[in-house]
Amino acid sequence: MKAYVRHIGIIDIYGNTHGVSFTEGVNVVTGKSSTGKSAILDIFDYCLGSSIFTPPKHGVTAEYGSLYFVVINLERSSLLLARGKDLKKAFLKEDLDSKFELLEDITEDSFEDSGFLPINIFRKNLGRYFGLTLTTTEENNELRSFRTNQTKLPSPSVRSFSSFILQQQNLIANKFALFYRFEEKEKKDQAIEHFKYFAGFVTPEYYSLKQRENELNAKHRALLLSIKKITEQEEKFENELKDLLRQYRAASGSELKIGNIHAITSNPHIALERLLITPVQTNSESEEYKKLRAAEERVLASQVASLRRSQNKLSDIRSSIKLTQDIYHPEHLKALPESLKIEENKCPFCNSQNPNILESANKLSDAIDWLNTKLKQSHYMRDSLEERKNEIIKEINGIKEKIKSTEDSIKKIDKDTEDIAKLKTQYEVSLKIKTRIEILLENAVDNERKRINEELVQINAEIKSIKKTLHEKFNLYEKKKEAEEFIKTTMDSIGVNFDFEEFYKPLNLHFSLDTFDLWHETEDGMRVLLRSMGSGANWLSSHLTLFLSLLKYFCSLKERCRIPTILLLDQPSQVYFPRTDYGDAFNAYELSEKSLESEAVLVDHDLQSVQNMYTQLVNFCEETTKETGITPQIIVADHADNLTLGSGFSFESLVRARWRTHSKGLVDLDKVTSSK
């Protein structure tokens, strides 16, 4: 999104306005240490709704600062953001009449009490100016129930995109971290998740579709579980029906002709209709009772035999387990021989040599080695036997259940015979069994499976439709792939001009939008992550190359991107000139740790690297403007000064503030003194 910072400043305790004004393109604030250069980034972050107080807590800025403010120019208006030392409130005001064009126009009177909002309301209202209207990034509402207090996922806010804008002093050349706030895993995960929304890959419709898709998937799983339960019920129904049909045949002496088991199970309703019109027929001369009972007894005998075999197996396994436990006992192992020593190989009677003793001794030695090896493996064998024991126990329990079922079936056949013997007619007993079959069919869930299958068809059709819409409208995989290719191509183009060591040439940087990892890939496919690159110059160059590439990508997206095209860098030259700067002028030789006369050439090389860095920043802004139509803004706070840039660029034209004298800094002490 096209935007740039117009002012960053402070209202002091006397009501004076202090600050710096900026334009599009490259802006430099230069000066010695402790003048408030880093405070520029801190104030910007604080006014973007940071939950902690980021401006300096000591020094001139802290002593005289009363209100911290930022003015951001959007395409059609300006936003005045401000915060005092109350973390719970922040000021937001939109200007449509260019009232904030000049720094001097911003006074104490610009901040009405009504403009101060609770910080959560402030963040939401500020986000709307950048198109951040999404209320949730929840893709699966089911997962919410597993979170503490069932909280929603944080929605994209200005806090999330600050990671793409700020590179503080301790981060700009960090080998372990690339992004601001990523030391907290939760903040890192949020920024990665929110990127697809910031970059315009998705809209609120995407999250609605994903929620619906996951709801349907959950329902689909529940229905499949229901099908499984119905299948279990059908198996139980089928077994009970078989049992009753056998009883009927045994009692009546004839078949109940209502269809085969498969047909009845598939459509109990039709079977019930046939049953109701089928009269009970008996055959007193039939021997079906004997046949069925004999068949059940044969089944029972087979089951009992299987039970005995399994019980014998279990007994053998338990004996083997006990044996391995006894043998593997440490006391027993200590008593086992480990080697064989032959004292004599002569016959004790005739004193002659006996060569067979050596051969027997070798065999015995081999046997001892074999035994010791097997004994050492016995605890592995015991573990295997334990598993087999559990399998056999499970098998035995299953056979016992079958035996009980068969015995129950025999008892039912015998009971029907006893009922007939108790002066009940064969017809009455058969009718009783038929009635039980009728009740069983009435309770059958004949339509439930059909209903579920129809619902599954509808759900599958809707899921397919959603997937098609997600692919056609959003296609995250392709969009991420295109973005990564754009960023990689830009990194290779930009990085070649930065101060990478020879090992990384030709430069082959890659950046993953799934993990936000950056690495150089060698010709043989080896990945060299940032932390393994070595040298502060490599780390600085990597940070600059990546963030400039991201900035160019945001410019290329134009209004589709919700991240403002702004980048703030804090003291990038510290890699080359790390010493504290208190001089009246920037002196590369004094600030370098390469202070020996013999190292002057190295200092000159470092100075050239810094000058090249600024040249590339200016060149980047110009080329990006030509290619995208949007001029990005880069604000650099640094102690480097009076540099000679290449390509005809003037360093002086980039300087927005220079703080080298005693009174000059973010807070102008001359103003403070005159107000005291």
Side-chain angles (χ1 to χ4, degrees), residues 1-3 74-76 120-121 123-147 150-164 186-223 455-487 512-516 550 553-565 628 630:
M1 181 178 184
K2 184 178 180 181
L74 305 177
E75 197 161 4
R76 296 180 181 85
N120 58 328
I121 302 298
R123 288 174 186 152
K124 286 184 180 179
N125 289 352
L126 178 58
R128 290 192 180 99
Y129 289 100
F130 297 96
L132 305 180
T133 56
L134 189 66
T135 57
T136 179
T137 57
E138 202 79 65
E139 294 185 16
N140 190 342
N141 289 322
E142 193 177 2
L143 297 178
R144 185 175 173 182
S145 60
F146 297 104
R147 296 192 205 109
Q150 298 187 352
T151 53
K152 289 197 307 181
L153 289 174
S155 56
S157 72
V158 290
R159 296 309 305 148
S160 302
F161 69 48
S162 61
S163 298
F164 304 97
E186 183 183 358
K187 300 290 176 63
K188 176 182 178 180
D189 292 344
Q190 284 176 24
I192 294 174
E193 173 60 30
H194 293 170
F195 182 84
K196 62 190 177 192
Y197 180 69
F198 289 144
F201 294 171
V202 298
T203 65
E205 182 188 5
Y206 168 84
Y207 294 98
S208 298
L209 288 170
K210 289 296 292 184
Q211 287 174 13
R212 179 58 180 163
E213 181 187 19
N214 284 306
E215 286 173 9
L216 291 170
N217 284 328
K219 195 170 184 180
H220 190 275
R221 291 192 296 271
L223 289 174
E455 194 169 351
L456 282 172
V457 169
Q458 292 176 354
I459 287 174
N460 287 331
E462 189 174 350
I463 290 175
K464 184 178 179 181
S465 174
I466 289 173
K467 286 183 178 295
K468 183 181 178 183
T469 303
L470 287 170
H471 178 76
E472 291 176 351
K473 278 193 172 184
F474 304 107
N475 198 350
L476 280 181
Y477 175 79
E478 284 299 324
K479 288 182 179 179
K480 279 187 178 181
K481 185 179 176 183
E482 290 173 6
E484 287 176 347
E485 288 176 356
F486 181 100
I487 292 167
S512 168
L513 287 174
D514 290 319
T515 63
F516 275 39
L550 287 171
Y553 180 64
F554 299 152
C555 290
S556 72
L557 295 175
K558 301 186 187 313
E559 292 306 310
R560 283 181 293 156
C561 181
R562 296 174 173 88
I563 300 176
T565 51
T628 67
I630 293 178

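Just so it is clear, the values below take in all heavy atoms, side chains as well, and ignore hydrogens, waters and symmetry mates.
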Might you point out which heavy atoms bring [X] and [Y] nearest each other, and give the distance in Å?
| X | Y | value |
| --- | --- | --- |
| A191 | S163 | CB-OG, 4.5 Å |
| S155 | T136 | CB-N, 4.1 Å |
| I459 | L216 | CG2-O, 3.8 Å |

Less than 4.5 Å apart, side chain to side chain, heavy atoms only: is that true for [X] and [Y]?
| X | Y | answer |
| --- | --- | --- |
| E75 | E559 | yes |
| K480 | F201 | yes |
| V202 | Y207 | yes |
| N217 | R221 | yes |

For K124, what residues pass the salt bridge (Lys or Arg N to Asp or Glu O under 4.0 Å) criterion, not counting sequence neighbours?
-> none
Roughly how far apart are [X] [atom1] and [Y] [atom2], rounded to 0.5 Å?
| X | Y | atom1 | atom2 | result |
| --- | --- | --- | --- | --- |
| L209 | K468 | CG | NZ | 13.5 Å |
| C555 | I563 | SG | CD1 | 11.0 Å |
| I463 | N214 | CD1 | CG | 9.0 Å |
| F474 | Y206 | CZ | OH | 8.5 Å |
| K481 | N475 | NZ | CG | 10.5 Å |
| I630 | T565 | CD1 | OG1 | 6.0 Å |

Mind checking what makes ring-ring contact (aromatic ring centres under 6.0 Å, His included) contact with Y553, not counting sequence neighbours?
-> F486
What residues form a ring-ring contact (aromatic ring centres under 6.0 Å, His included) with Y197, not counting sequence neighbours?
-> none
Distance-only donor-acceptor hits, side chain of residues 127-135, under 3.5 Å, sequence neighbours excluded:
from : atom 1 : to   : atom 2 : distance (Å)
R128 : NH1    : N125 : OD1    : 2.6
Y129 : OH     : E94  : OE1    : 3.2

For N120, what residues pass the side-chain hydrogen bond (donor to acceptor under 3.5 Å, both in side chains) criterion, not counting sequence neighbours?
-> none
Is there a donor-acceptor contact under 3.5 Å from the side chain of [X] to the main chain of [Y]?
| X | Y | result |
| --- | --- | --- |
| H194 | T137 | no |
| E138 | Q211 | no |
| E484 | L513 | yes |

Is the NZ atom of K558 crowded by more than 12 outside heavy atoms at less than 6.0 Å?
-> yes
Going through the distances and angles, do F195 and F164 end up as a ring pair (Phe, Tyr, Trp, His ring centres under 6.0 Å)?
-> CA-CA 10 Å; F195 182 84; F164 304 97; 5.6 Å; yes
Scan residues 191-212 for pairs that pass salt bridge (Lys or Arg N to Asp or Glu O under 4.0 Å), counting only residues two or more places apart or in two chains.
-> E139-K196, E193-K196, E205-K473, K210-E213, R212-E215, R212-E462
